[in-house]
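Everything numeric in this text was worked out from a predicted model, so none of it was measured.
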Amino acid sequence: MENEIKIVTRKSSGKCQWDGLFTRQAAETAWNFHRTIPGYVPTPLVDLKGLAEHLGLEAFYVKDESFRFGLNAFKGLGGSFCVAQVLGEKLGIPITEMTFALLQDPAVHAKIKDLCFVTATDGNHGRGIAWTAHCLGVKSRVFMPKGSSRERLENIRALGSDACITEFNYDDTVRHAARVAEETGGVLVQDTAWEGYETIPGWIMEGYTTLALEAAEAPSQPPTHIFLQAGVGAMSGALAGFFADYYGSRKPVITIVEPNRADCIFRTAAAGDGKLHTVTGALDTIMAGLACGEPCTLGWGELAAHAEHFASVPDWVAAQGMRILGAPVPGDSRVISGESGAVTSGFVCELYRNKELEPLKKELGLDKDSRVLCISTEGATDRESYRRIVWDGAWGKPCS
């Protein structure tokens, strides 16, 4: 049913052919590079003590990525690290010796100034690529799927990128960007992987582990449960691999959350046949950052190995999360979270508040002693949509 919350539980294998990519050591390499970028600071790990008490669990942490590099989303981590890796290979400089200042050096810039980085995006990844290219004085071309937010497009164009909205859905826009890069000699820097194209997406995913390392080493009690949203599964896969390596036998229970109109990871997990399953068509969800129909090969490999639960949820769950985080319990900090950023928090809150979902809550092993970590991957990247949901009550929970 359209408004139903669905969960699939599967036994994780604990091993992945790409294990070794998203380790604590790899995250430290990414983190060391990111710390050379002017303006870098770790994003807040918000301890929502009041919300935890209200719901009846021990702790509720939200990693607020709206503060990342002034980009209002986490994607700049992957884009900047990936571009640095690509340029490092061209220049013969290992990533462990790479700094942002080095890439901006006039002598180095003369060798890279004619490069053009090409990508497809719902908004956040493309903005991260455009921002990195702008900072380094190189070109970027960004393609967005049909129905993309005009505000997100203009944010990318403001960084000097040649950006446009296509007539394709997200997955076909990725294919279009790949064709353009091949035809024009551009460098495709796409945040999803497929057979034969996995090195660059792997670098992007490694870049994401900086936020996971920041969260893991923050002064707080370690989580017992981690909830990660998925589009193609790149961010969630990288973080699942990192947390498995970082915590070892103490790894928290990992649950993946997707919009039910673009739940390719959920369908792949539910099928359990060793094949990737896709969702086609318009992928019509308010969670633009998660409106992806084809799983990332690298991401799914890590999720199959390290995630225990997969949830498919309607759009009102994300809207509920936005409102709860935006109107906090007294004493808690406010978190401004966009549709894709708030879905995990909305999901956890619904599990604790809705008595009819008690069986699902138990299936995930949630109780009064649970310590939950959610990642708010974006702020209000589309302010009109944010106000429509938070101010005007759009996408409210349907009456039972």
Side-chain angles (χ1 to χ4, degrees), residues 1-2 4-10 12-13 16 18 75 78 119-125 144-148 166 168-178 190-198 201-202 204-205 208 227-241 254-315 317-318 339-341 343-344 347 375 377:
M1 293 180 62
E2 182 69 16
E4 182 183 5
I5 292 174
K6 296 178 287 186
I7 293 176
V8 166
T9 298
R10 66 190 306 276
S12 53
S13 66
C16 172
W18 293 293
K75 288 283 190 173
T119 196
T121 183
D122 63 89
N124 292 334
H125 169 67
M144 303 180 71
K146 183 178 181 180
S148 292
T166 71
F168 313 122
N169 70 10
Y170 172 79
D171 301 292
D172 287 336
T173 302
V174 170
R175 283 183 272 274
H176 177 70
Q190 197 56 56
D191 56 343
T192 187
W194 54 86
E195 188 173 349
Y197 182 74
E198 289 168 333
I204 292 172
M205 292 167 66
Y208 297 157
F227 291 80
L228 302 170
Q229 51 274 74
V232 296
M235 182 278 284
S236 55
L239 267 59
I254 294 176
T255 300
I256 308 305
V257 184
E258 292 173 281
N260 60 8
R261 294 179 179 177
D263 54 359
C264 57
I265 300 295
F266 173 85
R267 296 187 190 197
T268 298
D273 57 8
K275 301 176 183 178
L276 298 178
H277 290 258
T278 64
V279 181
T280 58
L283 308 175
D284 185 20
T285 170
I286 63 171
M287 292 171 263
L290 310 181
C292 311
E294 299 179 15
C296 166
T297 54
L298 278 168
W300 170 249
E302 294 294 335
L303 294 176
H306 304 302
E308 287 83 9
H309 308 287
F310 300 82
S312 174
V313 305
D315 282 356
V317 173
E339 298 89 338
S340 299
V343 65
T344 50
F347 177 58
I375 315 293
T377 51

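- Listed by chain and number, the residues in a side chain to side chain donor-acceptor pair (under 3.5 Å) with Asp122 amount to none (sequence neighbours excluded).
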Exercise for the section: Give the intermediate values and the outcome of side chain to side chain contact (heavy atoms under 4.5 Å, CB included) for residues Trp300 and Leu303. Expected result: CA-CA 5 Å; Trp300 170 249; Leu303 294 176; 4.2 Å; yes
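- Side chain of Tyr170 to backbone of Leu283: no donor-acceptor contact under 3.5 angstrom is found.
- Using a 3.5 Å distance cut-off with no hydrogens or angles, the side chains of Ser12 and His306 do not pair a donor with an acceptor.
- In this structure, a donor-acceptor pair under 3.5 Å is present between the side chains of Thr119 and His125.
- Remark: Glu302 pairs with no residue by the salt bridge (charged side-chain N to carboxylate O under 4.0 Å, His left out) rule, at least two apart or across chains.
- Between Phe168 and His176, the angle of the ring planes lies from 30° to 60°, which puts this pair in the tilted group.
- With hydrogens and angles disregarded, a donor-acceptor distance shorter than 3.5 Å links the side chain of Thr268 to the backbone of His277.
- The distance from the CG atom of Asn260 to the CG atom of Asp315 is 6.5 Å, given to the nearest 0.5 Å.
- Between the side chain of Thr166 and the backbone N or O of Met144, at least one donor-acceptor pair lies under 3.5 Å.
- Using modelled atom types, no side-chain atom of Glu258 and backbone atom of Ser312 make a donor-acceptor pair closer than 3.5 Å.
- Put simply, the side chain of Gln190 gets close to the backbone of Ala120: a donor and an acceptor are under 3.5 Å apart.
- For Glu294, the side chain to side chain contact (heavy atoms under 4.5 Å, CB included) partners are Asp171, Arg175, Thr278, not counting sequence neighbours.
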